[in-house]
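Note that the numbering runs from 1 along the sequence shown for the chain. Fair warning: this is a prediction, and the values are worked out from it, not measured in the lab. Both ligands and their constituent atoms are indexed starting at 1 by order of listing.
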Amino acid sequence: MNNDNKLHPDTLAIRAGGMRTSFNEHSEALFPTVSFVHESAEMAAKRFTGEEPGYIYSRFTNPTVDMFEQRLAALEGAGAAIATSTGMAAITTLAMSLCAQGDHIVTSGSVFGSTLNVFGPPVMGKFGVTTTIVNSTSLDAWREAIAALPKTKLVFLETPSNPTCEVFDIAAIAEMCRKAGATFVVDNCFCTPILQKPLALGADVVIHSASKHLDGQGRVMGGAIVGTKQMCKETVYNFLRTTGASLAPFNAWVLLKGLETLPIRMRAHSENALQLSDWLGNHPKITKVNYPFLSTHAQNKLARSQQSGGGAVLSFYVSGTKADAWKIIDNTKIMSITGNLGDVKTTITHPASTTHSRMSAAAREAAGITDTLIRVAVGLEAQEDLRADLARGLDQI
Ligand SMILES: *Cc1c(COP(=O)(O)O)cnc(C)c1O
């Protein structure tokens, strides 16, 4: 129902994928059931072979999960989506279902920490997959890495990056991948389809940690793989139905309802973050602000060409020391000191000593993650309260 992809995203977020039972409930139904009953042995047999459609077992078929997958696929402009238990389950499932021994993965170094572990020695490396890490937005660096080994199967990045908000040219890297025969994957967690549509720019697959903006209120874990019907419903589906990192129906239901307010939330997050970035950029005790939609951002033009909003995440360098950065964090009363993001509640982090503490000091320095860098994932509280919350610490340094 209502899967007409010509509809506006605001409409798709609310209507796409909706299905009703014979009770005609208005809000989407939650199906907390492990299995589904068949009317006869013959029907059971036909459903198991796929000869007849129908739900079987919630590890691989559940109507609530289906509705979430269809709504997200419609928003990304994709043929299909497969929901997973977490964002990391989506990344692991995709890598394991597409890659085989001897294959090569190229990944940006500026990705979620656990993602590098999945692609590297702790997981994919154990199965004979080699990974090259690119620590640059330079197109030459990507071209070189993709050509470095003959069997480049998967190319992966996040844009904008965390925590320094670097922007990668999706269309240009997509073209390189197409020529190399590699599958190009964009983790669209920061922008969501409301602000950025990687598939329309040439990417093959979009990954989501639904635990972030898709839920938007920090309640449930979830993830998704979004792409062509063939990749999702054959390759990934067959792997996931066997290995089982599936999304729980309750979590799917929360996420389905979360998608309904995604457009309005993403626009509000972007507006709040842009205003706070502007204010921070003019503050005498701050040397630099990283935010894609600030005119001072080195890739502002690229960001504005591939995103319709800057997103929630910004970071800034304090003029001073690590102690000064910590003082700003410790003096906040509204912002939550936590590494999470994608919540209506604003969060504040010191990346060098938390989310990125396992990197070497030299690698952190090269990536711009210095001891004076603070990251804020701007929520939906009032602008004046957020400014006052940061001003309290800034006034003391
Ligand atoms: C949080 C996050 C993930 C991992 O998602 P989980 O749901 O926590 O497993 C992956 N990518 C990005 C960009 C993230 O922020």
Side-chain angles (χ1 to χ4, degrees), residues 65 68 72 76 81-96 105 107-120 122-124 133 154-168 170 185-196 198 203 205-226 240 243-248 250-252 254-255 258-259 262 266 269 273 292 307 311-315 336 338-343 345-349 351 354-356 358 367 369 375-379:
V65 176
F68 166 66
L72 181 61
E76 289 284 6
I82 293 284
T84 56
S85 55
T86 65
M88 287 320 303
I91 293 167
T92 309
T93 298
L94 182 75
M96 300 213 67
I105 294 175
T107 178
S108 161
S110 305
V111 293
F112 193 66
S114 300
T115 304
L116 285 181
N117 288 338
V118 166
F119 292 153
V123 184
M124 296 308 287
I133 298 172
L154 210 74
V155 175
F156 189 99
L157 58 81
E158 286 170 25
T159 181
S161 73
N162 178 25
T164 53
C165 300
E166 285 178 310
V167 177
F168 295 79
I170 297 177
V185 188
V186 175
D187 183 331
N188 205 21
C189 171
F190 274 39
C191 279
T192 81
I194 304 308
L195 304 181
Q196 175 172 275
V205 182
V206 161
I207 283 286
H208 275 289
S209 166
S211 329
K212 311 294 170 51
H213 285 299
L214 303 192
D215 173 359
Q217 296 176 64
R219 299 164 295 193
V220 299
M221 305 290 303
I225 299 164
V226 191
L240 190 73
T243 53
S246 328
L247 184 64
F250 175 76
N251 291 14
V254 173
L255 295 170
L259 287 182
L262 185 67
M266 291 316 294
H269 277 291
Q307 300 172 218
V313 178
L314 63 88
S315 59
S336 315
T338 171
N340 197 25
L341 60 94
D343 197 302
K345 294 185 172 84
T346 298
T347 64
I348 188 163
T349 336
T354 60
T355 51
H356 293 71
R358 280 180 295 175
I369 306 167
R375 188 197 76 185
V376 176
V378 183

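- Residues passing the side chain to side chain contact (heavy atoms under 4.5 Å, CB included) test with Ser161, sequence neighbours excluded: Ser110, Thr164, Glu166, Phe168.
- Thr354 places a side-chain heavy atom less than 4.5 Å from the side chain of Thr349.
- Note on residues 215-226: pairs passing side-chain hydrogen bond (donor to acceptor under 3.5 Å, both in side chains), not counting sequence neighbours, are Asp215-Arg219.
- The distance from the CZ atom of Phe68 to the CD1 atom of Ile82 is 11.5 Å, given to the nearest 0.5 Å.
- Every residue meeting the side chain to side chain contact (heavy atoms under 4.5 Å, CB included) condition with Ala81, not counting sequence neighbours, appears here in chain and number order: Glu69, Ala73, Val226.
- Contact residues for ligand 1 (protein heavy atom closer than 4.0 angstrom to any ligand atom): Thr86, Gly87, Met88, Phe112, Glu158, Asp187, Cys189, Ser209, Ser211, Lys212, Met221, Gly222.
- Paired with Lys212 under the rule side chain to side chain contact (heavy atoms under 4.5 Å, CB included), one option of Leu341, Thr192, Asp343 passes, and it is Leu341.
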